[in-house]
Amino acid sequence: MMKRVRTRFAPSPTGYMHIGNLRTALYTYLIAKSNDGDFVLRIEDTDQDRYVEGALEFIYDTLELTGLKYDEGPDVGGDFGPYIQSERKDIYKKHAHDLIEKGAAYPCFCTKDRLAESRKESSIKDGVWRYDRKCREIPQEEALARMENEVYVVRQKMPIEGKTSFDDIVFGHITVPNEELEDQILLKADGLPTYNFANVVDDHLMEITHVVRGTEYLSSAPKYNLLYEAFGWEIPTYVHLTPIMREPGKKLSKRSGDASFSDFYEKGYLKEAIINYIALLGWGPGTNQEIFTLEELVEAFSIKGLSKSPAVFDVEKLRWMNGVYLRNLSVEDFYEVAKKYIDEIFKSKSYDKMYVSDLLHNRVDVLSEIPEMLDFVKELPEFDLEIVQHQKSGTDLAKSLVSLKASKAELEKLENWEKPELMSALKGVIKNLDVKTPAVLWPVRIAVSGRESTPGGVYDVLLLLGKDETLKRLNITIKRMEEGI
RNA sequence: GGCCCCAUAGUGAAGUGGUUAACACAUCAGCCUUUCACGCUGAAGACGGGGGUUCGAAUCCCCCUGGGGUCACCA
């Protein structure tokens with residue numbers, strides 16, 4: 001009987017959900033759920049200096065929004081709490097002392113000053129300083145006594161010689177020389193554990209079976225193995241994830257701009273598309289399927305599909321995928337997500353919601369583009385008269401002017417400003433003038449929109465503007481042209 | 001610098017000794033068309049380099065190169 005799979009997402013409360021963190025959360029969730037297991041949220045706040053107000057809510061909200069529902073966590077409870085590390089202080093302290101008794105760790109009384117001094121002296125040699133293990137030799141009895149009234153940290157006693165190996169499910173078997181391992185600090189002088197200690201203790205106590213984290217922890221894994229062994233605990237399955245790069249060679253980071261989930265979300269990328277896209281950054285289903293709902297990801301996910309090399313975040317592909325999601329929406333649903341962007345253009349003016357949505361929903365990749373696509377609705381933009389001519393059908397300015405005047409005359413007569421009427425009016429113009437269709441439709445559209453490309457054709461643009469505005473703009477452009485010729 | 005890891009088109013990514021080396025985004029061309037977009041069709045584009053092993057290597061081994069990670073009282 002296999003143990004129940006349990007994974008945990010363990011962010012620091014920094015008030016920011018980096019896209020890479022989100023992906024880690026996603027994969028962690030998928031590993032649990034694709035095995036009918038539990039997904040746990042644990043907050044790693046052992047660095048007091050880093051605490052950001054409101055960060056917890058931010059994490060809860062983001063996971064809620066993206067659908068990564070956790071079975072246990074600070075706000076939902078569970079049998080393995082508390083789920084916030086700063087509330088587990090006593091647990092770490094007890095375990096650190098157990099380790100001292102077992103001889104796998106020792107208290108270190110070196111002050112930061114002495115360390116800095118030591119670092120300064122020896123750094124001349126090869127550039128990399130490592131703790132000189134001064135306190136390691138203090139007899140345990142004496143050390144225990146000094147702990148009563150001195151400030152100390154607890155350090156892990158690493159083997160001096162030999163090698164340590166560990167297995168990672170994506171990277172395989174990895175061996176490192178023990179001389180590389182520093183006697184790292186487990187418990188800080190403030191009594192809180194370092195990540196290096198807390199993660200081991202918590203993962204064991206919370207019965208985490210698959211430890212999912214970034215490759216930045218790969219080189220620390222042997223130290224964790226040594227810790228598990230010292231405690232006599234079962235070693236979990238390690239799943240180290242490659243980083244997401246902004247461009248080849250450059251890691252995606254907060255500093256390089258819009259690398260956070262909320263930035264994308266607020267720009268008009270759908271959460272489903274973001275999740276879908278990042279799922280494919282570093283993981284492949286082994287089939288050609290690319291569009292996945294979260295449920296489908298749970299179904300399709302396998303650790304085997306995880307990639308060993310870093311993946312570059314390609315905004316262009318995210319755009320495309322977001323467009324696919326938008327197009328797959330019904331017009332009604334599209335309106336719901338696009339509403340706030342469309343309203344930026346129409347403000348309080350009334351408009352036919354479904355009509356506008358229908359016009360937009362095949363043409364938009366990112367919702368925030370909408371105001372720009374419709375900006376001509378607000379007012380006639382400045383534009384170069386040259387674009388009024390339709391080159392392909394050999395229409396020049398003079399001919400365009402004729403088309404415009406004739407069109408204006410017909411449009412003025414219309415009682416009903418509806419598509420069928422507009423169509424028959426302009427088709428009549430085309431027939432009377434005996435010209436090609438674009439020779440009329442193109443100039444009219446440009447004359448009233450000032451744009452070479454618009455969502456929808458002339459009739460759509462005319463409907464968007466209404467009769468009065470259309471005629472007003474036709475007059476303006478006609479006048480400009482008359483003065484120009 | 002030491003140690004560890006990685007390496008298929010611009011990007012993601014199939015492929016695990018024998019393939020015309022998939023597929024998707026992007027690019028380019030054509031079709032559709034009243035512009036744009038959607039959609040459809042097609043094109044160009046890759047196994048980082050060098051040695052082995054093998055009848056045969058993108059696939060296995062070694063070296064080089066390139067990239068990444070790590071070496072905190074941060075996670």
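This one's a predicted model, so the numbers in the text were calculated from it and none came from an experiment. Lettering of chains follows the sequences in order, A, B, ..., and the numbering in each one begins at 1.
Residues meeting the ring-ring contact (aromatic ring centres under 6.0 Å, His included) test with A/Tyr70, sequence neighbours left out: none. In this structure, the side chain to side chain donor-acceptor pair (under 3.5 Å) partners of A/Thr164, at least two apart in sequence or on a different chain, are A/Asn178. Under the side chain to side chain donor-acceptor pair (under 3.5 Å) criterion, A/Asn225 pairs with A/Tyr238, sequence neighbours left out. Partners of A/His204 by ring-ring contact (aromatic ring centres under 6.0 Å, His included), not counting sequence neighbours, listed by chain and number: A/Trp233. Judged as a side chain to side chain donor-acceptor pair (under 3.5 Å), and not counting sequence neighbours, A/Tyr459 has no contacts. Partners of A/Glu369 by salt bridge (charged side-chain N to carboxylate O under 4.0 Å, His left out), not counting sequence neighbours, listed by chain and number: A/Arg319. The side chain to side chain donor-acceptor pair (under 3.5 Å) search around A/Lys188 returns none, not counting sequence neighbours.
Atom name C1', nucleotides B/A14 and B/C23: the rounded distance is 7 Å, in whole Å. A distance of about 13 Å separates the C1' atoms of B/A9 and B/A22, rounded to the whole Å. Atom P of B/G51 sits at a distance of 13 Å from the matching atom of B/A57, rounded to the whole Å. If you take atom P in B/A24 and the same atom in B/C62, they sit 36 Å apart, rounded to whole Å. Between B/G2 and B/C47, the two P atoms lie 31 Å apart (nearest whole Å). B/G45 and B/U34 are spaced 35 Å apart, taking the P atom of each and rounding to whole Å.
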Identify each atom pair where a protein N or O and an N or O of nucleotides 40-49 of chain B are less than 3.5 Å apart, giving names and distance.
none

Detail all sub-3.5 Å separations between protein N/O atoms and N/O atoms belonging to nucleotides 4-8 of chain B.
unit_1	atom_1	unit_2	atom_2	d
B/C6	OP1	A/Lys308	NZ	3.2

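A salt bridge links A/Arg42 with A/Glu44: the closest approach of a Lys/Arg side-chain nitrogen to an acidic carboxylate oxygen falls below 4.0 angstrom. With respect to the salt-bridge test (charged N to carboxylate O, under 4.0 angstrom), the residues A/Arg114 and A/Asp132 qualify. Of the charged side-chain nitrogens involved, at least one lies within less than 4.0 Å of a carboxylate oxygen, so that A/Asp460 and A/Lys419 count as a salt-bridged pair.
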With B for base contact, S for sugar-phosphate-only contact and - for none (protein heavy atoms under 4.0 Å), nucleotides 20-32 of chain B reads --BSBB-------
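A side-chain hydrogen bond (donor to acceptor under 3.5 Å, both in side chains) check over residues 279-292 of chain A, counting only residues at least two apart or in different chains, returns the pairs A/Glu290-A/Lys317.
Of the residues in residues 221-229 of chain A, not one comes within less than 4.0 Å of RNA chain B through any heavy atom.
Judged by the 6.0 Å distance and 45° axis criteria, A/Lys267 is not positioned over the aromatic ring of A/Tyr269.
Side-chain atoms of A/Arg445 come within donor-acceptor range of the base of B/U35, with a qualifying N/O pair under 3.5 Å. Between the base of B/G2 and the side chain of A/Glu180 there is a donor-acceptor pair shorter than 3.5 Å.
Contact check for A/Arg213 versus A/Thr24: no side-chain heavy atoms found under the 4.5 Å cut-off.
In this structure, A/Ser307 contributes its side chain and A/Gly282 its backbone to no donor-acceptor pair below 3.5 Å.
The residue A/Thr242 sits apart from the nucleic acid: no heavy atom pair falls under 4.0 Å.
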